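These notes concern the structure reproduced below.
If you're wondering where the values come from, they're calculated on a predicted model, not measured in any experiment.
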Amino acid sequence: MTAWDELVRSAMLGTERQPLDETMLPEPVRAALPADAGLLAAAALLTGYRRAGVVALRGIANTDPPAPADPRPLVPALASARLGRMLLGDQAGLLPEWLAVVADRGLRVPPERLPALAEAARTRPALRPAVLAAAGPRGSWLADRSEDWALLLEPQDDQPEPDADSWRRGGVSRRRIWLTNLRGTDPAAARDLLAESWPTEPPANRQALLAALRTGLGPADEEFLEAALDDPDESVGRAAALLLARLPGSRLGQRMADRLAGLVTVTRRRLEVRLPAEYDAGLRRDGVQFDAPAGVGQRAWWLRQIVGTTPLSFWANLGTEPAELVRLKVTGQADAGTLHAGLAQAVAMWPERDWANALLATATIELTDQQLVVLINSLPADDRVRALAGPLIHGRLDKLADVLRELAKPWPAELGRVLLDQLDARAGQRGLVRIADVVARSVPPACFHHPITARLAAPGTSPWHQRVVETLLFRRAMYEELA
Amino acid sequence: MRWSEDQVLALAVDQASVRAARTQATAGKWPESGSTPDVVWGLCQGSGATPYQVCVELAEPAFRCSCPSRKFPCKHALGLLLRWSAGELADTVPPDWVEVWLAERAARAARAVKRAESVGTDDETRAEQAARRRAQRTDRVTAGAAELGEWLADQLRHGLARLETDGGQQLHAMAARMVDAQAPGLAAALRRTASLIGSGRDWPSQVLAELALIQLLVTATARLDELPGPLADTVRARLGFTVDTNDVLATGRRVTDRWLVLGRVDHVDEHLTSRRTWLRGKESGRVAVVRGFAPTGRPLDDSLPPGTTLTACLAHYPDGVRAVVAERVDHPRPAIGAPPGDSIDTALAGYATALAADPWCAHWPMLLTQVVPVRQRTGWVLADPAGQALPLDPDADPLALLAVAAGRPLTVAAEWSAAGLRPLSCWDDDRPVQL
């Protein structure tokens, strides 16, 4: 025990019980200690002695190889300062874009910012790939040497990837994930495994696991799915039917086409429609729901589902172009709405350019947000602009937010310009916060000098308008600083 | 001795008064008038029913007239003086109203003199009072320190283990007493010690060290008069006697140099945030600390950014380390290019020297050259090429420094304390980085 340890022991016990033994103090301390000075005085001297006399640790060898050099140049100082502000919360939503531009231009993030970036990625998993790219070779070097660093980069959900054991013993969602993964590499094996355990699976499991077959769906799956149509559980059968409807050339598709042939007649100027007379066993087997939702006629509902699962080749065989077809007057037992709703479902399953354009261009066709996204994303860039710039925008600008969020980036410059024009024209309008936000963050760099950015805030301008300008200017500065 | 006409007219405030004075100087306007060697008086018939009472005390001269004119002297007083100058006034006993006025003047003058004298004595009293207050405070502090000394001795007799049972409550109580004794420095030290109780495995060692240093301060307080000047100033600073910044700017020792801002450490309290910014002079090699304060939540002064250099004149407090910026010669500029630093041994010797001057010095800056973070079983250390190393403070976040160094040696500025090194800034090749 050192002299200090002895002192601490005495102090803790109390000098009444354990008086100070001056002889164990180091010579210089003992010499400086006045007579009868007491334990605290000795401790004071010894503390000074210890603090002033600190000796460095010796023999510390740095055997660790340094991190591999990162040849990329550093981002400019202004950009680094901006990153600092973003990490503190200023326009933090633009962090993914900033990191993408940095990676794109072959630049390197200042290393002292990496811990804060990793912290941001810990709570926003979407950032993780970008942060790892930004960290470069340093990132893995750091992760190997510091638990804190490795922890910051670790996924939030620390569930390990499902393995073969998961299939036998996991919960249904893990099994579905595992099965889906297997479908990616060996669809036949996955189907065989599913078929094997099929008889013993409860209905809820069967419906969930069937969804895995959507990955790698092919003609080889048809037999299994046809058999599944007869499942005693209705929702399982319907799930199988939807998968078969998706499968090009399936027998179900042909059956639907045959039914539709008996219900629809196309002339040059009209489309005459008959509703299905009855809900027979065939319809039920092929996945058509019996009960219509509120506000929809029952037989119209059945027709809609039939149209929705009929391959588009049916219409081609009737000799009409999609653009013409949607314009035909609909007569008979159903109205245009029913027919078009069914067509929308079909086209969303197999997006084809002419069909997508035709549906999007017809203002009277009510597409769901999901259908809008699928259709628009399926189009080439120019068509996309035209589709959105069309009658859609004028009617439902405020409802487009979710659609636009899913739109593939980069957006065509023309699209950005049209949307910014629309927003600028409605500066005083309320309720446009969400779409304004999406547009401001998504328009390509070509739009950064749009006239809206020069607009000074006039009284009566909505706050979202100001935020659009701020966001555009922020992004513009971002790109300029990283040039 | 009668004045000449010119002397009288010289008193006029403007030409109009001169002209008016002449018109008033006719005997017909003055039903009564007279003079004595000290005063000239008369009744002047103006436009109203009652004549104006006019008199002039010649010594100053002081004028009095009952007319409504705002000029001083008015035309009546000047006219009277012109008549007196021309010898038209007879030597007679002044009437009562003149005597009354003279008496009032005399009384006013006496009062003014008395007031002037009493202001002089008030100044003295103020200085005396200040001295008395200082003496009073010194007495209170000395008494408080003595009481604390007794209490500490008592704690040591019974053993420090007892402190753990009440979670430092007694220490806080003594801290409150030290606040009453006007020794906030002792109070703060006691509160700091209280926060160490029960925290970590070697809290007894830390608490003993803190109490020992408090006892040292107590002893120093008792012998304050015997201590050499600089040490006495240090003791007073540690006790909590404040020095006015204006006094420092006026009389503090000044050092002009190119100062490198090594870094800063903030201490956030419930109410107050305090900041210490460490500076190092390029020519003098001198260390200085600049302190800033702000209510918690408000921004602190940011005029000394870490990793910059600026040419400035610093004025030092009596303790020789704390300083304020007296004069900025230029703006802070990024310190491109790693500054020449010290070896670990030199840096440790620097702290030892600082301790010799101020045994209570708990933090000291170090500028270490060519050190690299190395992982040890007990934590991270900064090691130099010769294999010597100093530990990093386990409470300081090392991640940013690790990321910059990435296994390569670099120049690091850090704050040293008993707990280890706290990195403040470093140089990534030539680029200064604030950590």
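Across all non-hydrogen atoms, the minimal contact from B:Met178 to B:Gly144 is CE-O, 3.3 Å. Of all heavy-atom pairs spanning A:Ala121 and A:Val131, the tightest one is CB-CG2, 3.9 Å. The heavy-atom pair separating B:Leu402 from B:Pro373 by the smallest distance is CD2-CB, 3.5 Å. Taking all atoms of both residues into account, the shortest heavy-atom contact from B:Ala414 to B:Leu421 is CB-CD2, 3.8 Å. The shortest non-hydrogen separation linking B:Leu367 to B:Ala413 is CD1-CB, 3.9 Å.
The CG atom of A:Leu472 sits 13.0 Å away from atom CZ of A:Arg467, with the distance rounded to the nearest 0.5 Å. Considering CG of B:Asp319 and SG of B:Cys361, their distance stands at 9.5 Å, rounded to 0.5 Å. To the nearest 0.5 Å, atom CG of residue A:Leu99 and atom CG of residue A:Leu117 are 5.5 Å apart.
Put simply, the side chain of B:Thr193 gets close to the backbone of B:Ala189: a donor and an acceptor are under 3.5 Å apart. With B:Trp427 contributing its side chain and B:Ala335 its backbone, the two residues share a donor-acceptor pair below 3.5 Å. Put simply, the side chain of B:Ser425 gets close to the backbone of B:Leu262: a donor and an acceptor are under 3.5 Å apart. A donor-acceptor distance shorter than 3.5 angstrom exists from the side chain of A:Arg145 to the backbone of A:Trp141, with no hydrogens or angles considered.
Using a 4.5 Å heavy-atom threshold, the side chains of B:Asp345 and A:Val55 count as separate. A heavy-atom distance below 4.5 Å is found between the side chains of A:Arg113 and A:Pro110. Between A:Thr2 and A:Glu6 the shortest side-chain heavy-atom distance does not fall below 4.5 Å. You'll find the side chain of B:Met174 reaches within 4.5 Å of the side chain of B:Leu148, heavy atoms only. You'll find the side chain of A:Leu39 reaches within 4.5 Å of the side chain of B:Leu208, heavy atoms only.
Listed options B:Ala383, B:Pro385, B:Pro359, B:Ala209 were ranked by heavy-atom pairs under 4.5 angstrom with chain A; first place goes to B:Ala209. The candidate from A:Ala44, A:Gly48, A:Ser10, A:Ala41 with the greatest count of non-hydrogen atom pairs under 4.5 Å with chain B is A:Ala44. Here B:Leu348 is the residue among B:Leu216, B:Leu348, B:Leu435 with the most heavy-atom pairs under 4.5 Å with chain A. When the candidates B:Gln155, B:Glu164, B:His158 are compared by the number of heavy-atom contacts under 4.5 Å with chain A, B:His158 comes out ahead. Ranked by heavy-atom pairs under 4.5 Å with chain A, the list B:Ala352, B:Pro409, B:Ala403 is led by B:Ala403.
For the side-chain hydrogen bond (donor to acceptor under 3.5 Å, both in side chains) condition, no pair includes a residue of residues 366-390 of chain B, sequence neighbours left out.
Contacts of B:Val404 with chain A are made by both backbone and side-chain atoms, with heavy-atom separations under 4.5 Å. Looking at B:Gln206, there are no atoms closer than 4.5 Å to chain A (heavy atoms on both sides), in backbone or side chain. In this structure, no portion of B:Asp202 lies under 4.5 Å from any heavy atom of chain A. Contacts of B:Trp360 with chain A are absent, with no heavy-atom separation under 4.5 Å from either backbone or side chain. Only the side chain of B:Trp203 comes within less than 4.5 Å of a heavy atom of chain A; its backbone N, CA, C and O stay farther away. Of the two parts of A:Arg50, only the side chain, counted from C-beta on, holds a non-hydrogen atom closer than 4.5 Å to a non-hydrogen atom of chain B. Both the backbone and the side chain of B:Leu156 come within contact range of chain A, judged by heavy atoms closer than 4.5 Å. Heavy atoms of B:Leu355 lying under 4.5 Å from chain A belong exclusively to its side chain. Contacts of B:Arg162 with chain A are absent, with no heavy-atom separation under 4.5 Å from either backbone or side chain. Using a 4.5 Å cut-off between heavy atoms, B:Val381 touches chain A through its side chain atoms alone.
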Exercise for review: Could you walk me through whether A:Arg476 and A:Glu481 pass salt bridge (charged side-chain N to carboxylate O under 4.0 Å, His left out), step by step?
Suggested key: CA-CA 9 Å; A:Arg476 183 162 96 194; A:Glu481 284 163 1; over 6 Å; no

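Within residues 83-98 of chain A, no residue has any heavy atom closer than 4.5 Å to a heavy atom of chain B. Residues of residues 57-82 of chain A placed with any heavy atom under 4.5 Å of a heavy atom in chain B are listed by number as A:Leu57, A:Arg58, A:Gly59, A:Ile60, A:Ala61, A:Asn62, A:Pro66, A:Ala67, A:Pro68, A:Ala69, A:Leu74. Among residues 12-27 of chain A, the residues having any heavy atom closer than 4.5 Å to a heavy atom of chain B are, in sequence order, A:Met12, A:Leu13, A:Gly14, A:Thr15, A:Glu16.
Few gaps surround CG on A:Asp5; more than 12 heavy atoms of other groups in view lie less than 6.0 Å from it.
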